[in-house]
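What follows is a set of notes on a single structure, which appears directly below.
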Amino acid sequence: MTSEISRRAFLKSSLGAAGSVAASSGLARAAAAAETPEDPLATLIDVSKCIGCEECVHACRESNAGKYPAPEKPFPGMIPSRVPVEDWSDRQDVSDRLTPYNWLYIQYARANKDGEEIELTLPRRCMHCVNPPCVKLCPWGAAKQEENGLSRIDSDICLGGSKCRKVCPWHIPQRQTGVGLYLELLPSMAGNGVMYKCDRCFQKIEKGEIPACIEACPEGVQTMGPRSEILRTAHDLAGKMNGYIYGEKENGGTNTIYVSPVPFDELIIETGKGRPHLSPVKNLMENGTHIALALLIAPVAGAAAAFSKFYRRVKEDEQ
Ligand code: SF4
Ligand code: SF4
Ligand code: SF4
């Protein structure tokens with residue numbers, strides 16, 4: 001592991017003007033981008049700037065705490081019974097991986113750069129795919145994509161079947177058992193909880209505000225703007241630092257673009273449950289089977305979502 005001094009010296013030489021220009025201009029345009037679905041809202045993450053301070057992680061938790069699950073115990077039996085209970089409610093402070101209570105974490109990476117061992121830190125969360133399989137293949141229509149390109153899971157509709165996690169190339173969504181619609185609707189027939197992930201602070205973006213993690217970062221690591229502009233800035237930045245881009249083509253393109261001074265496949269990172277990889281990813285929705293499945297389940301998802309919403313309204317009227 002490299003010392004902080006060598007890392008800082010390396011980063012200082014890597015940082016060009018592009019990073020700071022992007023940080024100031026992109027933020028100002030974020031709200032405008034939210035209104036142009038043909039050029040979705042994207043984020044540039046300049047890995048060379050991140051110091052791993054976790055201010056973004058704390059800000060995410062603080063800003064989104066109201067959306068976190070409050071499960072009822074004891075849990076009903078899982079359907080089917082082989083499905084494991086996933087309960088993070090007693091471990092809400094875990095911050096070194098994604099959980100239903102931690103939608104962003106800092107991933108540590110080691111690499112060799114010009115013969116020197118360096119350490120990098122990467123904020124990791126949902127990539128917000130341009131064509132998100134989690135949305136297209138959710139059988140209940142609980143995962144949805146907004147016009148500005150961000151994807152989110154409606155916790156009022158999700159039954160926790162975890163199809164979204166299975167089809168996500170990075171297995172991002174995380175389940176909490178004992179919460180959600182299934183408790184009232186189908187406890188003995190279906191349902192295992194609710195899936196959670198970064199929703200891009202959609203409620204802040206709707207008001208023209210910046211996501212909490214971006215606002216809190218002392219180093220200006222993240223920049224938001226129209227995807228075309230973010231890609232241009234990413235290429236400028238990569239050119240200046242002799243760097244590499246991740247997210248432009250992965251899974252057909254994502255609305256999260258990382259720029260790193262080291263090739264992504266040379267970063268040594270810890271991966272596993274709740275700790276996504278940085279490997280190349282083919283376009284999952286290019287696969288004919290998945291497209292056919294998406295078309296097949298679309299009407300079912302629409303009907304299920306409508307029914308779930310109707311049921312919720314009835315319950316609210318009763319209260
Ligand atoms: S707040 Fe910024 S610098 Fe600190 S860990 Fe998050 S992205 Fe990195
Ligand atoms: S990264 Fe995974 S959870 Fe996020 S939009 Fe893409 S498929 Fe969905
Ligand atoms: S965009 Fe919002 S929800 Fe997503 S990681 Fe940042 S603070 Fe958390």
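Here, residue 1 is the first one in the sequence, and each next residue gets the next number. Order of listing sets the numbers, starting from 1, for every ligand and every atom in it.
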Sidechain N-carboxylate O distance under 4.0 Å for Asp90, Lys73: yes

Mode of Cys50 contact toward ligand 1 - side chain, backbone, both, neither (heavy atoms, under 4.0 Å): both

Close-contact set for ligand 1 against Pro123 heavy atoms, below 4.0 Å: 7 (S)

Closest approach of any protein heavy atom to atom 2 (Fe) of ligand 3, naming residue and atom: Cys201 SG, 2.3 Å

Proximal atoms of ligand 1 relative to Glu55 (non-hydrogen, under 4.0 Å): 1 (S)

Whether Glu286 side chain and Gly252 backbone form a donor-acceptor pair below 3.5 Å: no

Per-atom contacts, ligand 1 versus Cys217 - under 4.0 Å to a heavy atom: 1 (S), 2 (Fe), 3 (S), 7 (S)

Lys204 with Glu215: basic N within carboxylate O range, under 4.0 Å: yes

Ligand-side contact atoms (ligand 3) for residue partner Trp103, heavy atom cut-off under 4.0 Å: 3 (S)

Closest contact, heavy atoms only, Thr121 versus Ile106: CB-CG2, 3.7 Å

Lys67 atom NZ, over 12 foreign heavy atoms within 6.0 Å: yes

Results of ring-ring contact (aromatic ring centres under 6.0 Å, His included) for Phe264 - residues two or more places apart only: Tyr246

Ring pair (Phe, Tyr, Trp, His ring centres under 6.0 Å) partner of Tyr68, chosen from Trp103, Trp88, Tyr196: Trp103

Subset of ligand 3 atoms that lie under 4.0 Å from at least one heavy atom of Pro211: 1 (S)

Identity and distance of the protein heavy atom lying nearest atom 1 (S) of ligand 1: Cys56 N, 3.3 Å

More than 12 heavy atoms from other groups under 6.0 Å of CD on Gln203: yes

Non-hydrogen atom of Ala216 closer than 4.0 Å to ligand 1: no

Lys/Arg N to Asp/Glu carboxylate O, Arg165 vs Glu86, below 4.0 Å: yes

Proximity to ligand 1 by part of Ile106, non-hydrogen separation under 4.0 Å: side chain

Which segment of Ile214 sits under 4.0 Å of ligand 3 when only heavy atoms are counted: neither

Ligand 1 contact on Gln222 by region, counting heavy-atom pairs under 4.0 Å: neither

Check: Ala142 main-chain N/O paired with Asp154 side-chain donor or acceptor under 3.5 Å: no

Those atoms of ligand 1 less than 4.0 Å from some heavy atom in Glu54: 4 (Fe), 5 (S)

Residue Glu219 vicinity, atoms of ligand 1 by number, heavy atom under 4.0 Å: 3 (S)

Ion pair Lys49/Glu219, N-O distance below 4.0 Å: no

Same cluster (ILVMFWY, side-chain, under 4.5 Å), Trp140 and Val179: no

For Asp199, the ligand 3 atoms whose distance to one of its heavy atoms is below 4.0 Å: 3 (S)

Exam field: side chain His128 to backbone Asn255, donor-acceptor pair closer than 3.5 Å: no

Ligand 3-proximal atoms of Cys60, by part, heavy-atom distance under 4.0 Å: both

Which of the ligand 1 atoms, numbered from 1, are nearer than 4.0 Å to a heavy atom of Gly52: 5 (S), 8 (Fe)

Nearest-contact summary for atom 3 (S) of ligand 1 - protein heavy atom, Å: Ile51 N, 3.4 Å

N, O or S of Cys213 under 2.8 Å from atom 6 (Fe) of ligand 1: no

Sum of protein N, O or S atoms, each under 2.8 Å from atom 2 (Fe) of ligand 2: 1

hydrophobic_cluster_shared for Met285 and Val130, side chain cutoff 4.5 Å: no

Backbone N/O of Val194 and side chain of Tyr182: donor-acceptor pair under 3.5 Å: no

Atoms of ligand 2, numbered as shown, that sit under 4.0 Å from any heavy atom of His128: 4 (Fe), 5 (S)

Top protein contact for atom 4 (Fe) of ligand 1, by heavy-atom distance: Cys53 SG, 2.3 Å

Contact partition for Arg125 relative to ligand 3, non-hydrogen atoms under 4.0 Å: side chain

Whether Asn148 side chain and Leu150 backbone form a donor-acceptor pair below 3.5 Å: yes

Ligand-residue contact atoms, ligand 1 with Pro218, heavy atoms, under 4.0 Å: 1 (S)

Identified side chain to side chain contact (heavy atoms under 4.5 Å, CB included) counterpart of Cys213 within the set Leu104, Val221, Val57, Asn64: Leu104

